[in-house]
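Single-structure report; data block below.
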Amino acid sequence: MQQVIKAFGLALIGTMHPKMLWLSLRPFLLVSILWGCFIWLTWTPALEMLSIFLTTSIFTSWIQEGLIWAGFENARAWIAPLFFVMLLIPIIAISLLVLIAFTTVPAIIRRVTRQHTYQDLDKKNGGGFFGSVVYTLWSVLICLALVMLTLPVWWVPPFVAILPPLLWGWLTMRLMSYDVLAQHASAEERDILLLKYRWPLLAMGIFSGMLGAVPTFFWATSALALVLFPIVSFVALWVYSIIFVFAALWFAHFLLQALKDLRAQELENSLNIEARVIDGEFLNHG
């Protein structure tokens with residue numbers, strides 16, 4: 001816990017550095033442009049298709065009927081836009097996280113490892129680019145499946161603030177842990193660290209997910225967010241980006257120090273074994 005808190009403080013300070021702010025701005029701009037174009041091109045036809053689906057499908061018509069029964073008489077007017085926004089939120093957030101994992105985390109690791117504390121860490125390249133792609137795609141597919149399975153209960157007010165932190169936390173832990181250790185740890189060292197620190201890492205991921213749930217909650221439940229969707233979405237995306245950069249720094253400081261401690265412990269154990277062997281040989285000769 002002490003190392004988690006120490007890494008948190010280092011990450012918080014590091015996030016305020018102009019270089020880190022630029023690293024958060026770069027993926028935000030790219031994702032904003034790509035998704036902005038997609039939304040602009042698909043908004044009207046998507047709403048028409050969703051309106052038909054929500055009113056005719058036996059699987060979703062209960063949502064609209066329930067809202068009307070609860071007193072929201074004009075639910076038909078805004079149910080489709082709200083549903084479309086709620087579908088886009090997790091997909092956009094996941095795409096941003098994946099982009100940061102591929103393009104920003106390596107730059108963050110290079111900057112962190114220039115610090116005196118980690119300069120003596122040897123690179124063992126336990127996770128190459130292909131392995132990172134496969135690991136990321138598999139993690140994203142699992143996360144998307146969980147999102148689709150749990151999406152209906154996102155309409156219940158408590159769950160919109162509970163489920164996103166859990167989902168983003170799990171995915172953040174998976175992606176950040178792998179990419180932070182990809183260059184410096186061997187595959188065996190990575191497996192040892194992820195098993196040994198699985199609960200602290202999951203807690204770090206969930207906490208990062210809770211930070212990301214703030215814009216998610218406002219984005220998904222506020223009528224103002226729906227009216228000002230383009231503006232609110234861009235602001236929320238930058239908040240996401242900053243949080244993901246902070247999470248990358250947090251995981252980097254924690255896992256690199258854990259890797260350093262692991263190697264120091266292995267070296268100490270090796271020296272103790274050699275010392276016992278030498279002492280045994282000395283006694284035998286004596």
Side-chain angles (χ1 to χ4, degrees), residues 1-12 14-15 90 93-94 97-98 100-102 104-106 108-109 112-113 117-118 121-128 130-147 149-150 161-213 240 243-269:
M1 182 57 66
Q2 183 179 1
Q3 184 56 34
V4 170
I5 296 173
K6 180 182 177 181
F8 178 88
L10 293 172
L12 193 62
T15 305
I94 289 173
L97 177 57
V98 170
I100 288 176
F102 277 125
T104 305
V105 171
I108 291 175
I109 298 303
V112 170
T113 51
T117 307
Y118 311 112
L121 273 177
D122 295 330
K123 293 183 179 181
K124 295 190 177 181
N125 297 311
F130 179 74
S132 179
V133 170
V134 173
Y135 190 84
T136 298
L137 290 177
W138 178 241
S139 301
V140 168
L141 287 175
I142 295 174
C143 188
L144 283 174
L146 292 174
V147 168
L149 288 173
T150 60
I162 296 173
L163 290 176
L166 294 177
L167 293 173
W168 306 156
W170 178 82
L171 185 60
T172 300
M173 177 200 70
R174 294 264 299 181
L175 299 189
M176 296 299 177
S177 298
Y178 188 95
D179 290 333
V180 163
L181 296 172
Q183 291 186 351
H184 289 81
S186 64
E188 182 182 1
E189 288 174 332
R190 183 180 65 247
D191 292 340
I192 292 173
L193 291 175
L194 296 185
L195 179 63
K196 182 178 181 180
Y197 298 107
R198 59 187 180 279
W199 296 117
L201 292 172
L202 181 59
M204 291 163 61
I206 291 175
F207 184 82
S208 302
M210 290 174 63
L211 293 177
Y240 279 132
I243 291 171
F244 290 151
V245 167
F246 162 77
L249 284 167
W250 194 8
F251 277 82
H253 283 290
F254 179 81
L255 285 172
L256 291 177
Q257 184 61 51
L259 177 61
K260 187 176 179 180
D261 294 341
L262 176 65
R263 290 180 178 175
Q265 184 63 41
E266 289 177 345
L267 179 60
E268 182 179 350
N269 293 339

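Between the CG atom in Asp179 and the CG atom in Leu255 there is a gap of 11.0 Å [rounded to 0.5 Å]. Atom CD in Gln257 sits 9.5 Å away from atom CG in Leu10 (nearest 0.5 Å). Residue Ile94 holds its CD1 atom at 8.0 Å from CG of Leu167, rounded to the nearest 0.5 Å. For the atom pair Leu256 CG and Gln183 CD, the distance stands at 10.0 Å (nearest 0.5 Å). Rounding to the nearest 0.5 angstrom, the gap separating the CE atom in Met204 from the OG atom in Ser177 is 7.5 Å.
Within the 4.5 Å cutoff, side-chain heavy atoms of Met176 are placed close to those of Leu97. Using a 4.5 Å heavy-atom threshold, the side chains of Ile142 and Trp170 count as touching. Looking only at side-chain heavy atoms (C-beta outward), Leu249 and Ile108 come within less than 4.5 Å of each other. Side-chain contact between Phe8 and His253 is absent, with no heavy atoms from C-beta onward closer than 4.5 Å.
Summarising the geometry of Leu193 relative to Leu201, their closest heavy-atom pair is O-CD1, 4.5 Å, with the distance given to 0.1 Å. Residues Arg174 and Trp138 approach most closely at NH2-CD1, 3.7 Å, considering heavy atoms. Counting all heavy atoms, side chain and backbone alike, Ala252 lies closest to Val180 at CA-CG1, 3.7 Å. Across Ala101 and Pro106, no two heavy atoms sit closer than the pair O-CD, 3.6 Å. Taking all atoms of both residues into account, the shortest heavy-atom contact from Val98 to Leu175 is CG2-CD1, 4.3 Å. Taking both residues in full, the closest heavy atoms of Ser132 and Phe102 are given as OG-CE2, 3.7 Å, listed atom of the first, atom of the second, then distance.
The ring-ring contact (aromatic ring centres under 6.0 Å, His included) test applied to Tyr197 returns Phe254, not counting sequence neighbours. A search for ring-ring contact (aromatic ring centres under 6.0 Å, His included) contacts involving Tyr178 returns Tyr135, not counting sequence neighbours. Partners of His184 by ring-ring contact (aromatic ring centres under 6.0 Å, His included), not counting sequence neighbours: none found. In terms of the side-chain contact (heavy atoms from CB on, under 4.5 Å) criterion, residue partners of Ile206 (sequence neighbours excluded) are, by chain and number, Leu166, Leu202, Met210.
Within the structure, the side chain to side chain donor-acceptor pair (under 3.5 Å) test picks out no pair touching residues 2-12 (sequence neighbours left out). Residue pairs meeting the salt bridge (Lys or Arg N to Asp or Glu O under 4.0 Å) criterion with at least one partner in residues 254-264, sequence neighbours excluded, are Glu189-Arg263.
Below 30°, between 30° and 60°, or above 60°: for Phe246 and Trp250 the angle between ring planes is between 30° and 60°, a tilted geometry.
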Original post:
Yes or no on side-chain contact (heavy atoms from CB on, under 4.5 Å) for Phe251 and Thr172, after CA distance, side-chain angles and deciding distance?
Top reply: CA-CA 10 Å; Phe251 277 82; Thr172 300; 4.2 Å; yes

